[in-house]
**Q** 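Can you keep this structure in mind? I'll have questions shortly.
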Amino acid sequence: MTQPLPPRHSIFKKVSTKLILGVTGIFILLPLETFAVSCNFQNSDTFTEICGYLEAGEIKTGGQLNLHVSSTTPHFKVNIRRAGHDNTNLLTTSFNGAGNYGANSHTQLNWGSAYTVNIPSDWISGIYEVSLNNGRGSYPEFVAIKAAQPGSHSKVLVLDSLPTKIAYSPIGGKSLYGFNSSNGQASSQVGMERPTGRGQWTEHREFVGWLDQEGIAYEAASMMDLHRDPSLLGHYNLVILVGHNEYWSKEMRDNWDNYLTTGGNAAIFSGNTMWWQVRFSEDAKQMICYKNAMADPLYGIDNSRVTTNWFNQPINRPENLSIGVSFRHGGYHDYTENGVQYYVKNGMDDDGSNGGFKVTDASHWIFEGTGLSNGSIFGRASGISGYEVDGALFQMVNNHPVTTGEDGTPLNFQILATTPTYAVNSPSGVPGIVYNNHNSQGWGTLGLFKPSDNSGTVFVAPTIDWAEGLQEASVGRITKNVINQLKSRTTTTDSTIINNGIGNGNTQIVLQNNSGGGGSLPALSLLILLITKLIWKIRKNSTQEIDK
C-alpha cells in the first residue's frame, strides 16, 4: 500500500494522581500509578489500560497460546471465543503478576514472562479472538489456531495474513511504513512478537463469522504455518485468502504455487495480494523487508530472496503468475489526491459501478441464483470494491474483456466482472494512467483461471473489502457458489469449472482428485486437448489482430 493514512499519533504514558492529606493538613498530589504504554494503531484503536501479544511459533488444537501482557493492574483475565459476531465465550482464565511495560522497541518488546493458555484438543481449528481484560479496559488479539491433524474437520482452509498485520503495526515506534513510524522513517526490520490491533482483523472477523453463520465448515492456519510447512496446503481441497495479504516470503509463495500445481483450488477474496517479498529470521521472530532491491544485502548474492516487489528486478516473478492479478494495474477505489476525488461512489464520472463490480458474463456458474445479468452491479451498497483492488491487463474483444497476458496473467484468466480503480502504482509512472490497459486506466478484474493445464482452479475477487458485502444477497450467493464448487477436487473432466471464455475460446479442463495431485487423461483425450489448444491459439491470434 502506498496511500498516506491518517496522521501519526505519539505513543505515550499516562499518569494518574490522587490527593493525599499530609501531616501539615496540606493536600499534595502524588502519583497513583503509571498507566500502560498506549497501544495506538493509527486506526482509532488506542488501548491504554492493557495490551498484549502472542509468541511466534506453531499454534494448534491441543497446544498452547503463550501471551505477553502489559497491564495497569497485576490481575487480568483471558477470554477466548471463536471469531464472529454471535459466537460465545469458550474459555476464561485468570492470571496475576502482570507488569507495566513500555513499548520501547519495534524489534523485541520483552513484556515479561509468557502466560500460557492451554488449547483444548477438541476445539475446531479456526480464527479465534483472545480478549485480555483487567477490569479497567480490554484488548482483543486474534489468532489462527490450526488443526493438530490438518484437514480432519474440513477440506477448506482459511489463511490469516499475520505478516501484513505486523508490517502495519506501529507498536514500539516503527512499522514498515513511514506514516506511522517515529520521525517518519520506516524500518526495514520489525518484530513478529508485537500487538497487531483489532482493526487489522476486520475482514477476517467478518468472513469467518459469515462462514459459521452459514454453516460452512472451515479450518484456519497462519501464513507463518505456510512459511514453515511445505506439506500444509496438501491436506486441503480449497485454500481461501481474505482481506489484505500483502507480504509473502519465498517459502510461502513456493508452497502456494506447488499446492496449485498438484491440483489444489484457491479462492482469493483479498486485495493488494502478494505485493512485497519478505524474509524471516531463523527463529521467525523478525520480518525483513527493505522495499529497495539495491539496499538489500542479498542483492547480487541471492536475488531470489531480495525484498522488493515480486514483479520487480531482480526477482522478476510477477504475482500475476500465482494469483492472476496485480495491484500495479488495479489501484484504489475512493482515492483523493490534491483535493481531487477519483472513483468515488456518486462522484464525478461514476457510471453506477464505483464501489461495486459490473458483471461481464452473467452465464457463468459463479452467478447462479443471483439474478444478475450482464451489466448488473453488485456489492456497491456495501462498497466491496475497496480500498485496494487488483487487476489483470485486458482489452475489449467483441464487447467482452479479454486478458492480454502482458503482465504475466495466464491467458486463460476469464474476467467475469470489473470495477474502475485509480492506479497509483501504474508502470507508466503516471498515477491513474495504464497505457496498455482498456481505456488506459486501472481496473479491478474479478474472475478465475488455472495457472497450468493440470493445476487447480483459482477464483479471484481482488478486493480488500469483499467481506464487507457478505450480507448482500448477491455477494453472499457468489461466495457460496465459489466455495461449493471448489471445495472438492473432482475426478472427472469438468468444463464447468472454467467454462468457455467469450471472445477468447479458452476452454479449460480440470484434472483433479480428492486425494490431491493432478489426474491423468487417456491418449484420445490428450489428443483432443492438444487440438483444442491449437484452435484456441489460432482464434486468439485472430482476435488480437481484430482488436488492433
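The model shown is predicted, which means the values in this text are computed figures rather than measured ones.
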**Q** I need the Leu321 CG to Phe449 CZ distance, nearest 0.5 Å.
**A**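 The distance works out to 8.5 Å.
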**Q** For the residue pair His204 and Phe142, is the inter-centroid distance of their aromatic rings smaller than 6.0 Å?
**A**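 Aromatic pair excluded; centres sit 6.0 Å or further apart.
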**Q** For the side-chain contact (heavy atoms from CB on, under 4.5 Å) test, which of Met224, Arg279, Arg305 pairs with Glu251?
**A**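 Only one option passes, and that is Arg305.
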**Q** For Gly209, does its backbone N or O pair with a side-chain atom of Asp212 as donor and acceptor, under 3.5 Å?
**A**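 No; zero donor-acceptor contacts below 3.5 Å.
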**Q** Looking only at atom types and distance, does a side-chain atom of Asn481 sit under 3.5 Å from a main-chain N or O of Glu368, one as donor and one as acceptor?
**A**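 Side chain of Asn481 to backbone of Glu368, a donor-acceptor pair under 3.5 Å: yes, one is there.
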**Q** Looking only at heavy atoms, what is the nearest atom pair of Pro420 and Gln441, with distance?
**A**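 In this case the closest contact between Pro420 and Gln441 is CB-NE2, 3.6 Å.
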**Q** Please check: side-chain N/O of Ser175 versus main-chain N/O of Ser169, any donor-acceptor pairing under 3.5 Å?
**A**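 Looks like no, no N/O pair under 3.5 Å.
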**Q** Does the plane of the ring in Phe269 sit parallel, tilted or perpendicular to the ring in Trp466? Use 30° and 60° as the thresholds.
**A**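 Answer is tilted, since the angle falls between 30° and 60°.
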**Q** Tell me whether Asn245 contacts the main-chain N or O of Gly271 through its side chain, where contact means a donor paired with an acceptor under 3.5 Å.
**A**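 No, the answer is negative, given that no donor and acceptor are paired below the 3.5 Å cut-off.
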**Q** Would His438 and Phe394 count as a ring-ring contact (aromatic ring centres under 6.0 Å, His included) if you check the C-alpha gap in whole Å, the side-chain angles of each, and the deciding distance to 0.1 Å?
**A** CA-CA 6 Å; His438 171 61; Phe394 70 93; 5.5 Å; yes
**Q** Is Asp350 salt-bridged to Arg380, cutoff N-O under 4.0 Å?
**A**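 Yes.
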**Q** If you compare all heavy atoms of Tyr435 against all heavy atoms of Ser440, which two are closest, and at what distance to 0.1 Å?
**A**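 In terms of heavy atoms, the two residues are closest at O-OG, 3.6 Å.
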**Q** Tell me, with the steps shown, if Thr419 and Trp443 meet side-chain hydrogen bond (donor to acceptor under 3.5 Å, both in side chains).
**A** CA-CA 6 Å; Thr419 187; Trp443 291 92; over 6 Å; no
**Q** Output, in order, the C-alpha distance, side-chain angles, deciding distance and verdict of side-chain contact (heavy atoms from CB on, under 4.5 Å) for Met223 and Asp160.
**A** CA-CA 6 Å; Met223 288 294 288; Asp160 74 5; 3.7 Å; yes
**Q** Between Asp86 and Arg81 (salt bridge meaning N to carboxylate O under 4.0 Å), is one present in this structure?
**A**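 The answer is no: the pair does not qualify as a salt bridge.
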**Q** Below 4.0 angstrom, N of the basic side chain to O of the carboxylate: do Glu214 and Lys480 qualify?
**A**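 Looking at Lys480 together with Glu214, the answer is yes, because their closest N to O distance falls below 4.0 Å.
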**Q** Rounded to the nearest 0.5 Å, what separates atom CH2 in Trp256 from atom OG in Ser322?
**A**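 Atom-to-atom, Trp256:CH2 and Ser322:OG are 8.5 Å apart.
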**Q** Roughly how far, to the nearest 0.5 Å, is CG of Leu159 from NZ of Lys146?
**A**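 The CG atom of Leu159 is 11.0 Å from NZ of Lys146, to the nearest 0.5 Å.
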**Q** If you look at every heavy atom in Thr308 and Pro314, which pair is closest and at what distance?
**A**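 Closest heavy-atom pair between Thr308 and Pro314: CG2-CD, 4.4 Å.
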**Q** Hey, mind stepping through Ile323 and Val460 against side-chain contact (heavy atoms from CB on, under 4.5 Å) and telling me if it holds?
**A** CA-CA 7 Å; Ile323 61 173; Val460 189; 5.5 Å; no
**Q** Would you say Thr370's side chain and Leu372's backbone share a donor-acceptor pair under 3.5 angstrom?
**A**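 Pair found, side chain donor or acceptor close to backbone of Leu372.
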**Q** Any donor and acceptor pair, going by atom type alone, linking the side chain of Glu141 with main-chain N or O of Val130 inside 3.5 Å?
**A**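 Judged by distance alone, no pair lies under 3.5 Å.
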**Q** For the pair Ser326 and Asp390, evaluate side-chain hydrogen bond (donor to acceptor under 3.5 Å, both in side chains) and give the outcome as yes or no after the intermediate values.
**A** CA-CA 5 Å; Ser326 172; Asp390 302 334; over 6 Å; no
**Q** Hey, does the side chain of Gln286 reach the backbone of Thr107 with a donor-acceptor pair shorter than 3.5 angstrom?
**A**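 Indeed, once roles are kept as given, a pair shorter than 3.5 Å links the two residues.
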**Q** Would you please indicate yes or no on a ring centroid separation below 6.0 angstrom for Phe207 and Tyr218?
**A**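 When the ring centroids of Tyr218 and Phe207 are compared, they turn out to be at least 6.0 Å apart.
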**Q** CG of Asn412 to CD of Gln414: how many Å apart, nearest 0.5 Å?
**A**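 The distance works out to 9.5 Å.
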**Q** Flag the pair Phe47 / Tyr139 as yes when their ring centroid distance falls below 6.0 Å, and as no otherwise.
**A**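 Between Tyr139 and Phe47, which both carry aromatic rings, the centre distance is below 6.0 Å.
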**Q** Distance-only, no hydrogens or angles: does the Thr403 side chain make a donor-acceptor pair with backbone N or O of Gly405 under 3.5 Å?
**A**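 Here the side-chain-to-backbone pair does not exist.
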**Q** Check whether the ring centres of Trp248 and Trp310 lie less than 6.0 Å apart, and answer yes or no.
**A**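 No; Trp310 has its ring centre 6.0 Å or more from that of Trp248.
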**Q** In sequence, state the C-alpha distance, the side-chain angles, and the governing distance for Val158 and Val242, and then conclude on side-chain contact (heavy atoms from CB on, under 4.5 Å).
**A** CA-CA 8 Å; Val158 176; Val242 179; 4.1 Å; yes
**Q** Take Asn320 and Arg328 through the test side-chain hydrogen bond (donor to acceptor under 3.5 Å, both in side chains) and record every step on the way to the result.
**A** CA-CA 10 Å; Asn320 307 66; Arg328 286 175 292 164; 2.7 Å; yes
**Q** Over 60° means perpendicular and under 30° means parallel, so tell me whether Tyr387 and His244 are parallel, tilted or perpendicular.
**A**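 Geometry flag for His244 against Tyr387: perpendicular rings.
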**Q** Decide yes or no for Phe280 and Ile288: does some side-chain heavy atom of the first lie under 4.5 Å from some side-chain heavy atom of the second?
**A**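 No. Closest side-chain heavy atoms not under 4.5 Å.
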**Q** Could you measure the distance from the NZ atom of Lys291 to the CH2 atom of Trp276? Nearest 0.5 Å is fine.
**A**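 Separation between the atoms: 5.5 Å.
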**Q** Could you tell me whether the side chain of Asp361 reaches within less than 4.5 Å of the side chain of His400, counting heavy atoms only?
**A**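 No, their side chains stay 4.5 Å or more apart.
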**Q** Roughly how far apart are Leu232 CG and Ser222 OG, rounded to 0.5 Å?
**A**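 OG of Ser222 is found 10.0 Å from CG of Leu232.
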**Q** Which atoms form the tightest heavy-atom contact between Ala392 and Val325, and what is the distance?
**A**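 For Ala392 and Val325, the tightest heavy-atom pair comes out as N-CG1, 3.9 Å.
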**Q** Would you check if the distance from the ring center of Tyr177 to the ring center of Tyr168 is below 6.0 Å?
**A**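 Yes, they do, as the ring centres are separated by less than 6.0 Å.
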**Q** Set out, in order, the CA-CA distance, both residues' side-chain angles and the distance that settles side-chain hydrogen bond (donor to acceptor under 3.5 Å, both in side chains) for Gln185 and Asn183, then state yes or no.
**A** CA-CA 5 Å; Gln185 298 296 314; Asn183 302 318; over 6 Å; no
**Q** On a heavy-atom basis, which atom in Pro318 and which in Asp407 lie closest, and how many Å separate them?
**A**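 So the minimum-distance heavy-atom pair works out to CB-O, 3.6 Å.
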**Q** Are the side chain of Lys174 and the backbone of Ser182 linked by a donor-acceptor contact shorter than 3.5 Å?
**A**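 Indeed, once roles are kept as given, a pair shorter than 3.5 Å links the two residues.
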**Q** Looking only at non-hydrogen atoms, find the nearest pair between Glu406 and Asn436 and report the distance.
**A**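 Looking at all heavy atoms of both residues, the shortest contact is OE1-ND2, 3.1 Å.
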**Q** Check whether the side chains of Gln277 and Thr307 place a donor and an acceptor atom closer than 3.5 Å, and report yes or no.
**A**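 Thr307 and Gln277 do not have a side-chain donor-acceptor pair below 3.5 Å.
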**Q** Could you walk me through whether Ile268 and Val458 pass the side-chain contact (heavy atoms from CB on, under 4.5 Å) test, one step at a time?
**A** CA-CA 7 Å; Ile268 300 172; Val458 182; 3.9 Å; yes
**Q** For the pair Lys450 (side chain) and Ser455 (backbone), establish whether a donor and an acceptor sit closer than 3.5 Å, ignoring hydrogens and angles.
**A**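 Flag set: sc Lys450 to bb Ser455 pair under 3.5 Å.
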**Q** Any side-chain donor-acceptor pair under 3.5 Å between Asp351 and Ser353?
**A**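 Side chains of Asp351 and Ser353: pair found under 3.5 Å.
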